[in-house]
Amino acid sequence: MPTLILIDGSSYLFRAFHALPPLTNAAGEPTGALFGVVNMLRNSLKAKPDYIAFVCDASGPTFRDELYPEYKANRPPMPEELRAQIEPMMEIVKALGFPILRVSGVEADDVIGTLATQAAAAGIDVVVSTGDKDMAQLVGPHVTLSNSMTNTTMNAAGVFEKFGVHPNQIIDFLSLMGDSVDNIPGVEKCGPKTAAKWLAEYGTLDAVMDNAAKIGGKIGENLRAALPQLPLSRQLATIRLDVPLDEAPTDLALRERDVDALRRLYARYEFNAALKELDNKPLPDDVRGANVPAQFRKQTTSDADGTLAMQGVYDCVVDQAAFDAWLEKLRAAPIVAIDTETTSLDPMRAEIVGLSFAVEAGKAAYVPLAHDYPGAPQQLDRDAVLAALKPLLEDPDRPKLGQHAKYDINVFSRYGITMRGVRYDSMLESYVWNSTATRHDMDSLARRYLGYTTIPYDAVAGKGAKQIPFSQVALEQASAYAAEDADVTLRLHETLWPKLATEPGLMRVYETIEAPLIPVLARMEQRGVLIDTNALRVQSNELAKRMHELQQRAYDIAGRTFSLDSPKQLQAILFEELKLPIVVKTPTGQPSTNEEALDAIADQHELPKLILDYRGYAKLRSTYTDKLAEIVNPRTGRVHTSYGQAIAATGRLSSNDPNLQNIPIRTEEGRRIRQAFVAPPGYRILAADYSQIELRIMAHLSGDAGLLSAFVGGLDVHRATAAEVFGLPPEQVDSNQRRAAKAINFGLMYGMGAFGLARQLGIARNEANDYIARYFARYPGVRTFMDNIREQAHRDGYVETVFGRRLYLDDIRARNQNLRAGAERAAINAPMQGTAADIIKRAMIAVDGWLGARDDARMLMQVHDELVFEVREDVLDEIATGVRERMSGAAELAVPLVVDIGTGRNWDEAH
DNA sequence: TGTAAACCGTAC
DNA sequence: GACGTACGGTTTACAC
């Protein structure tokens, strides 16, 4: 059968632009995207199709813009470096002899859809070459998709495998999901899984809509809310198959290529391989790694149509000569990407299995050191290799690059190596560039910024029960995986660093906050905090006893046994068997058994109170007492948390394994957990926390006179607020009024409305409204500030902290009310939460620098507005003074930054 | 056996 | 639906 290849030119140019490094030729003209597209085109010819066409978007509006003015409204303008590559691309495409189709009023997709349909009807096999999943709707018996970026092809079965729906359901599938890039509305919270599930059940979008009432939960409500929008979404997602065209598929034979023009263009853009091929000369061999056994050489280069796969030569270094050669390369390189392979995700328990390095894109090596499996080849001695590398690793003036380098720093520390000079970390570069992106792990970054899918860890080490330690992974696979890690890290840096360089504010955040913080956090994690496991064990037993008693009583009361831990079973007993009133519902519409709900019915039955007590104990025991004891490192007797430096969108740190940032404090029983965080003999715990830091930042940012003077005057701000709102002298404010004022102060920072305040304080909604109105009347600057932030967020799509950290708000222009309102609340909160994060990070860097190498005082923990130290008793005063000075001085605001400090034998006492 | 979702609750 | 940012435990449903 004859074949037709339809190339989605616009899609490829755009993807190649984002996937490839920003190459330029000697004249400084951008060539990266061009290079990608040209290679793809040359490869497409190798299939020797009978017909071929290059289809791209014409300029000007299309019928979709008329249907829906907001279509693609979120698209940023095309970057100049990309725009500059369009004309050259068209010249090359023309010179290659490709028929070019550009039809105004429709998109390239529609032209492709029309041609594919016509060709298939005429018995021609069609391959649509595109990176766009929307095209899956065209797949049929004669039509397949091919994606040269991922080197995959898809027929109808492939579509079903990938999306879980058939090609003829793709339009409905896309309509349900919506598309944030094209700004097509869908069903909120409906992703591919949910969309596929519904379509599997009902078959079509129409049927899903007809049965919308049957779908439960929050997602069902979202679906019903979206019903009016969905027909429009479907129209937008539907590729037209009836565009009037001048050419029939059979008119699309390849024209004769213009060799002279190609030679001139290839030369100009420095596509040397293409130029050589043009002149029919063989390509030179790739540079091969020296002194490397051939069987360990891993070469990832372009295959038939995988031009955009990682290209490079990866060495597996197992002999001294090869290692020496690499050591020389590392010493000579201006920047070295380093990655460790280990036996554990926990750096405090991990042992080094191998090291990988990259010095330029495409040139990387893996040095296996402790692979141990039957038949494993001889490897270099780990201690000898580490000793040889130590000077380089410890030299602060040799710039190093990592992906999540804190992990590697901690691993090296276990071998007596203090890694210094980590100037670059691709994870943090990505985080500063756009903290809203949910994941900054290497696989996600490679996909996002390089358009490349890395070898998944699972693929070499397995997962779940079948997982093997990396030390048992065969050298050949281990090398491919590990060397790629270093290579990809380097390529990510080469992509992200120039981006950061275009935004001096973000660059400053990276250079003055995030990068210097890496070794500070690493030291805190390595140090760990001493835990009194005996105290925890005692408490755990007490809790277990009380829980058991409560459990027995609960069974007696209910007349049967059940799991007190199961909300579902509780719901059956409380609301079905006992018929207690339902006060709160969960987001899925079920009767809630949360604290608020149980509190509300506690006066009608004894079971709710009992459950609340049980829950409190169960939470403490499972989450804290038992968990902490379990996670104590047997080597150090301490818990070594991991701080997440690229998690929270606002710039805050997070903490896990264990999470030290949610240790209880509000109740007496909870504080016993804190009492188990102890100082070693001769030391004391010192806790220093910023007083009302976020409210102070609000005063600074808003410039509100009332709020400023409260802080400058050193007043109790909640009391002062109560005095203003209730029109009383401060000394006549009672505790209830102060509590209300505190709720207002905090609530406003989170964008809370009257509804929320009323609920929080248990008052009528109009009363809450009244409070808020009086607050804004008394603090007009705060209202103006909030209005301005909202406006700025809408205008720019992001908000900033005092130090220039940026938070993008993807939903700020959403048509969905809830999404948009949520984004507005986040916009209000982010400058305050984010600035507080910036300030304490700056303080940590300053305090760490001041403490230097002294071992009589060590910073252990950070809890958002608090730093915790262990300090030798004889220097407590000196340290307290120095810490206070540096924390207060971490920012110059319009109000003083007050720091409260306490000390004690344990964390609880230090408060 | 493993994963994801729902629910709940802790911190700042 | 109504208050921002996190982490994580238990139950439950479900795919493999």
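Proteins get letters first, then strands, A, B, ... in listed order; numbering begins at 1 in each.
In the interface, the side chain of Asp565(A) is not paired with the base of dT10(C) through any donor and acceptor atom under 3.5 Å apart. Judged by distance alone with a 3.5 Å cut-off, no donor-acceptor contact links the side chain of Arg615(A) to the base of dC8(B).
When each of dC7(B), dC8(B), dT10(B) is scored by its nearest atom to the side-chain atoms of Asn662(A), the top-ranked nucleotide is dT10(B). Here the side chain of Asp865(A) is nearest to one of dG4(C), dC12(B), dT10(B), namely dC12(B). Here the nucleotide nearest the side chain of Ala826(A), chosen from dT10(B), dC3(C), dG4(C), is dG4(C).
Taking atom CG of residue Asn656(A) and atom P of nucleotide dC12(B), one finds them 18 Å apart after rounding to whole Å. Put simply, CG on Asn659(A) is 11 Å from C1' on dC12(B), counting in whole angstrom units. Taking atom CG on Leu695(A) and atom P on dG4(C), their separation rounds to 17 Å, with Å as the unit. The separation between Ile744(A) atom CD1 and dC3(C) atom P is 14 Å, rounded to whole Å. Taking atom CZ of residue Arg805(A) and atom C1' of nucleotide dT5(C), one finds them 13 Å apart after rounding to whole Å. In this structure, Ile840(A) atom CD1 and dA11(B) atom C1' are separated by 14 Å, rounded to whole Å. Rounded to whole Å, the distance from OH on Tyr614(A) to P on dT10(C) is 10 Å. In this structure, Tyr808(A) places its OH atom 20 Å from C1' of dT5(C), rounding to the nearest Å.
When heavy atoms are screened at a 4.0 angstrom cut-off, Glu866(A) is found touching no nucleic acid atom at all. Contact annotation for Ile647(A): backbone-only contact, meaning every heavy-atom pair under 4.0 Å involves sugar-phosphate atoms and none involves a base. As judged by a 4.0 angstrom heavy-atom cut-off over every strand, Ile665(A) is placed among residues touching the sugar-phosphate backbone only. Residue Gln817(A) is classed as having no contact, given no heavy-atom separation below 4.0 Å to the nucleic acid. Gly753(A) comes within contact range of the sugar-phosphate backbone alone, with a heavy-atom separation under 4.0 Å but no base atom that close. Using a 4.0 Å heavy-atom cutoff across all strands shown, Ala830(A) reaches no nucleic acid atom at all.
Using a 4.0 Å cut-off between charged nitrogen and carboxylate oxygen, Arg842(A) and Glu514(A) do not count as a salt-bridge pair. No salt bridge links Lys841(A) with Asp838(A); every basic N to acidic carboxylate O contact stays at or beyond 4.0 Å.
Considering CD of Gln692(A) and CD1 of Ile697(A), their distance stands at 11.5 Å, rounded to 0.5 Å. Between the CZ atom of Phe776(A) and the CG atom of Asp704(A) there is a distance of 10.5 Å, given to the nearest 0.5 Å.
In the displayed structure, Arg439(A) atom CZ is contacted under 6.0 Å by at most 12 heavy atoms of other residues, nucleotides or ligands.
Between Thr593(A) and dC8(B) there is a side-chain N or O to OP1 or OP2 distance below 4.0 Å. OP1 or OP2 of dT12(C) sits under 4.0 Å from a side-chain N or O of Ser566(A). Residue Gln569(A) has a polar side-chain atom (N or O) positioned under 4.0 Å from OP1 or OP2 of dT12(C). For the OP1/OP2 pair of dC12(B) and a distance below 4.0 Å, the side-chain nitrogens and oxygens of Arg652(A) include no atom meeting the criterion. The phosphate of dT10(C) has neither OP1 nor OP2 within less than 4.0 Å of any side-chain N or O from Ser563(A). The phosphate of dC8(B) (OP1 or OP2) has no side-chain N or O of Thr586(A) nearer than 4.0 angstrom.
At least one side-chain heavy atom of Ser563(A) sits under 4.5 Å from a side-chain heavy atom of Gln569(A). Contact annotation: the side chain of Gln539(A) never approaches that of Gln675(A) to less than 4.5 Å [non-hydrogen atoms, C-beta and beyond].
With both ends at atom C1', the span from dC3(C) to dA5(B) equals 23 Å, rounded to whole Å.
Comparing Gln833(A) and Phe755(A) by the nucleotide of DNA chain C whose heavy atom lies nearest to each, the residue mapping closer to the 5' end is Phe755(A).
When only modelled atom types and interatomic distance are considered, Thr650(A) and Gln833(A) share a side-chain donor-acceptor pair under 3.5 Å.
Listed in residue order, the members of residues 619-629 of chain A having a heavy atom less than 4.0 Å from DNA chain B are Lys619(A), Tyr624(A).
Of the candidates Arg672(A), Arg666(A), Arg671(A), Arg672(A) is the only one forming a salt bridge (charged side-chain N to carboxylate O under 4.0 Å, His left out) with Glu669(A).
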